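One structure below.
Everything quoted here is computed from the prediction, not taken from an experiment.
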There are 2 protein chains.
Amino acid sequence: MPEINTWQIIKNNVLRRLSERQWLPGDTLPSEMEFAREFGCARATVNKALNELASTGILERKRKSGTRVTINPVRKATMSIPVTRQEIQARGCTYSHVLIENTLKRLPAHMTSRFNVPGGVKALHHKALHLSDHEAFLYEDRWINTIVMPDIQEVDFTTISANEWLVGHAPYSRGELSILSAAASADEALHLGIDEGRPILIVERTTWSDTQPITFVRLAYRPGYRLNSTL
Amino acid sequence: MPEINTWQIIKNNVLRRLSERQWLPGDTLPSEMEFAREFGCARATVNKALNELASTGILERKRKSGTRVTINPVRKATMSIPVTRQEIQARGCTYSHVLIENTLKRLPAHMTSRFNVPGGVKALHHKALHLSDHEAFLYEDRWINTIVMPDIQEVDFTTISANEWLVGHAPYSRGELSILSAAASADEALHLGIDEGRPILIVERTTWSDTQPITFVRLAYRPGYRLNSTL
DNA sequence: CTCGTTATTATGTCTAGACATATACTATAT
DNA sequence: ATATAGTATATGTCTAGACATAATAACGAG
């Protein structure tokens, strides 16, 4: 454990004392001033160390009440959702993708509510298959709001994937993520080359630019895929 | 957007300018000193604002090179994995759980490697069903390393769930999380009250105390369950 | 005993400096 | 041309203060 900075020394020290059960869930830790005296540093340095720990969910901090050990720590797993190409290449496999559909059509009912647009509005329906070492890896079924992203109709998605184009050209946005398990639909099974009904992992994501939804995508991973993370 | 603090004003200002595509992915932002002059504040305040944005993955910061807009932002979704009881109660449902098994037995082969212990070692095999409004919600199949947690053999798991006991009594630890889709096994289907083979969401988690594995748990959620998160 | 007021206190934010350090750039010597 | 040493620079860390603010605790009046 390389301890170079004062705030990291303090952070690691507190972590060690927590693992040694010196402070139990619910207990109040010493105040910033007490820590500052103990470590012979400024209060701001203690503040940084404790805030760092609070951001991971181990500690809870409140004005006047002080710093306490979280009783029911909500385990915050930071899942990184990489661009698929990078994920595949990081495993040392070759990445390729095939454009399956890219047409402007009327939004189906379940999408108009999701995009919060009136019925009858058209949007870009985009389907693509991502391959790892030339084997089906991920099937992508996406709707793109062309009202917000009009330029996208000119893009050649045979050379760049929609995901990567959007990451580079859509302004930074917030999003909603949903992970579920489903039986492969006929469409998904066909493209992934598996039997219909097989359990596959689905990730659904809606991204927004300010108040406007940009895109909704349903990612169907091939059987055996795992989303991993450390906490 | 309530902007009370200087660093939040700066953060929101930068976010807005990013969404207006004033700086594109790969571009270098002004230095901290320039921002400090622009906002009439100390450099430390700018530092906090920009570090805040860097922690979300939007910006990348490096000494001397400066601050630049991330080209391929790894979407960091912070999934909160709450204690099941809280998750159910947060939905306004009543929580209950049933202890199905709690016996000391020899570790199967696939677990000895996971726990990194010699073969023949015994561990606590713990199975429980968590119910939401008296309906099966989550089936838990857990192994607990009794070498590390000897006290656990005395606990009455009919009154408190293993998860909650461990959260309160195991020292803070790191863990590995894996999310996958699987066909319900006979055991899982029986307890969840569903047909064998139905696609269900599985969360597997191993938690460690320092170098010692404490527990491995496989959580089988009822069909229709979604893990949600914002990014 | 209850309600409202006041003091206290721990954290939140901020400043104006300082030195440290990684790293890109430049100049010099080989 | 290439390796090496030096310089400049932007961020990282830190200090010793200051005032702000939320929330608890103590107090006092009715």
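- For A:R63 against D:dT21, a side-chain N or O and a base N or O form a donor-acceptor pair under 3.5 Å.
- A:K11 places its NZ atom 13 Å from the P atom of D:dC14, with the value rounded to the nearest Å.
- Between D:dA16, D:dT11, D:dT13, one nucleotide has an atom nearer to the side chain of A:A42 than all others, and that is D:dA16.
- With hydrogens and angles ignored, a donor-acceptor pair closer than 3.5 Å exists between the side chain of A:R43 and the base of C:dT13.
- Rounded to whole Å, the distance from CG on B:L59 to P on D:dA10 is 17 Å.
- Put simply, CZ on A:F35 is 9 Å from P on C:dT11, counting in whole angstrom units.
- The phosphate of D:dC14 has neither OP1 nor OP2 within less than 4.0 Å of any side-chain N or O from A:T45.
- Between A:K48 and D:dT13 there is a side-chain N or O to OP1 or OP2 distance below 4.0 Å.
- Rounding to whole angstrom units, CD1 of residue A:I4 and P of D:dC14 are separated by 11 Å.
- Phosphate contact (OP1/OP2 of D:dG12, side-chain N/O of B:N47, threshold under 4.0 Å): present.
- A:E176 has no carboxylate O lying under 4.0 Å from a charged side-chain N of A:R114, or vice versa, which leaves the two without a salt bridge.
- In terms of modelled atom types and a separation under 3.5 Å, the side chain of B:R68 and the main chain of B:G26 share a donor-acceptor contact.
- B:R61 has no side-chain polar atom (N or O) that falls below the 4.0 Å cut-off from OP1 or OP2 of D:dA10.
- Residue B:K62 has no polar side-chain atom (N or O) positioned under 4.0 Å from OP1 or OP2 of D:dG12.
- Straight-line distance from the CE atom of B:M33 to the P atom of D:dA8: 18 Å, rounded to whole Å.
- Candidate nucleotides D:dG12, D:dA23, D:dT11 were compared by shortest atom distance to the side chain of B:T67, and D:dT11 ranks first.
- No salt bridge links A:K48 with A:E52; every basic N to acidic carboxylate O contact stays at or beyond 4.0 Å.
- Panel note: side chain A:R21, backbone B:H169; a donor-acceptor pair is recorded below 3.5 Å.
- Taking atom CD on A:E60 and atom C1' on D:dA23, their separation rounds to 15 Å, with Å as the unit.
- Between A:S65 and C:dT11 there is no side-chain polar atom (N or O) within less than 4.0 angstrom of OP1 or OP2.
- Judged by distance alone, the side chains of A:R16 and A:N12 never bring a donor and an acceptor atom under 3.5 Å apart.
- At whole-Å resolution of the value, CD1 in A:I10 and P in D:dT13 are 13 Å apart.
- Following rounding to the nearest Å, B:E34 (CD) and D:dT11 (P) show an atom-to-atom distance of 9 Å.
- Place B:L50 and A:C41 on DNA chain D by their nearest nucleotides, and B:L50 ends up nearer the 5' end.
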